[in-house]
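Have a look at the structure below, then the notes.
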Amino acid sequence: MQDVSVFDHLGGQIRRLCDVVGIDPATPVELLSELLGAHGSRPLDAPPAWPSDVADDHTPIEFSIAYNDSEPPALRILAEAFGTTPGVRANALATYDFLHAQAERYGLSTRRLEAVRDLFATESPQGDFVLWLSLVFRNGHPPEFKVYFNPEVHGADHSPELVARALDRLGLGSAYQMMLSQAIREGELGRKDRLTFFALDLQDGPQARVKLYLSHHDAQAGDVARAASVVDGVDPAQVAEFCELAGRTERFAGRPLVGSYTITQGAERPNGYSIYVPIRSYVADDQEARERVLPLLERYRFDPAMLDKAIAAVTSRSLDSGVGLIAHVSLRLGPPRPGMTVYLSSEAYQVFEGASLVR
Ligand code: TRP
């Protein structure tokens, strides 16, 4: 299929996903086109322009369906923007340019982004990225934007201090030590327990959130249950149970469990916790992943039929012919929107074979 471009492929997936979720595709498709820029016209069969870590096959986009307890599901896109000549730093600059262009249009607040930007700036960033973003589409609402900084840009050893400074600048420093003391296993900060993302909502007002993500390598459900126990109103047993049902393993020795704390602007303590299970690392193929996710959706009273429709919007391959389409599954506890999220890979560049995927 020589003439299919990256934009054709991803745009088609987004259009069909919008259909499933009941959202007008015009804005999502337009934003995708701006995000991809000139790279969107690359042929799909050319190698990826940059080995983005957004998805395993280096597609710079990942889709997710966010099911909410008290409102219809939202469609979300996690993305990395590329510089003209892609590179970790060039991509971050392209992301800032994209966001500033959208800020005006959609009334976003970049105040908090600008307040911490210099902390994450460096000529020679470490790791795979400095800044990613996500777009959230809800029926009848303007798109919402979120940014994700890499706390390890100056190296894993400096990440605790970097996050402390960023939280301080936003007036949210007080809860940090408490979160770390529960979430980090003895001596593992920057080793098995890593600060992976520092995320901000690009809006102002009482709902504006900061999210701090921790990756727990080689962890057990009990480890994340302990991390979750810092947050009032969050049931640690529910977090552990979700990991067990999604992962069906004692020890998450493949891709790490990820937990995130939500800190709402002005709050002293985190008021939400989400757990992300990288289910693709713990199943033989996507058929098995689907069979685990469906009962979880039912358990939380979400429409399981929508998952099959969303899968069909993204791919026509049989689910047992590969693994990684269903990349993560997450449970969000606490305000503003408790629910579940299912992450779907575009697989624009590659489908991973079930048995051969490195576990
Ligand atoms: N691909 C990366 C990973 O799996 C980053 C990522 C994409 C991610 N979507 C995510 C991490 C959802 C946690 C949750 O780690």
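Values in this document were obtained by computation on a predicted structure and should not be read as measured data. Scope of the values below: all heavy atoms of this structure, side chains included, with no hydrogens, waters or symmetry mates. Atoms within a ligand are numbered from 1 in the order they appear, just like the ligands themselves.
- The protein non-hydrogen atom at the shortest distance from atom 13 (C) of ligand 1 is His328 NE2, 3.5 Å.
- Pairs passing the ring pair (Phe, Tyr, Trp, His ring centres under 6.0 Å) check and including a residue from residues 289-320, sequence neighbours excluded, read Tyr67-Phe302.
- Counting heavy atoms under 4.0 Å from ligand 1, residue Arg280 touches it through the side chain alone.
- With hydrogens left out, the protein atom closest to atom 9 (N) of ligand 1 is Glu62 OE1, 2.7 Å, a heavy atom.
- Within the 3.5 Å criterion, the main-chain N or O of Ile184 finds no donor-acceptor partner in the side chain of Asp193.
- Panel note: side chain Gln13, backbone Val314; a donor-acceptor pair is recorded below 3.5 Å.
- Listed by number with element, the atoms of ligand 1 under 4.0 Å from a non-hydrogen atom of Val54 are 1 (N), 7 (C).
- Close contacts of ligand 1 with Asp53, meaning ligand atoms under 4.0 Å from a residue heavy atom, involve 1 (N), 2 (C), 5 (C).
- For Ser215 and Thr196, the side-chain atoms include at least one donor-acceptor pair closer than 3.5 Å.
- The hydrophobic cluster around Tyr343 extends to Val54, Leu78, Phe129, Trp132, Tyr148, Phe197, Tyr213, Val258, Tyr276, counting ILVMFWY residues whose side-chain heavy atoms fall within less than 4.5 Å of a member.
- Distances below 4.0 Å separate heavy atoms of Leu78 from the following atoms of ligand 1: 7 (C), 9 (N).
- With a heavy-atom cut-off of 4.0 Å, Trp132 touches ligand 1 through its side chain alone.
- For the residue pair Arg194/Ser159, the side-chain donor-acceptor check at 3.5 Å is not satisfied.
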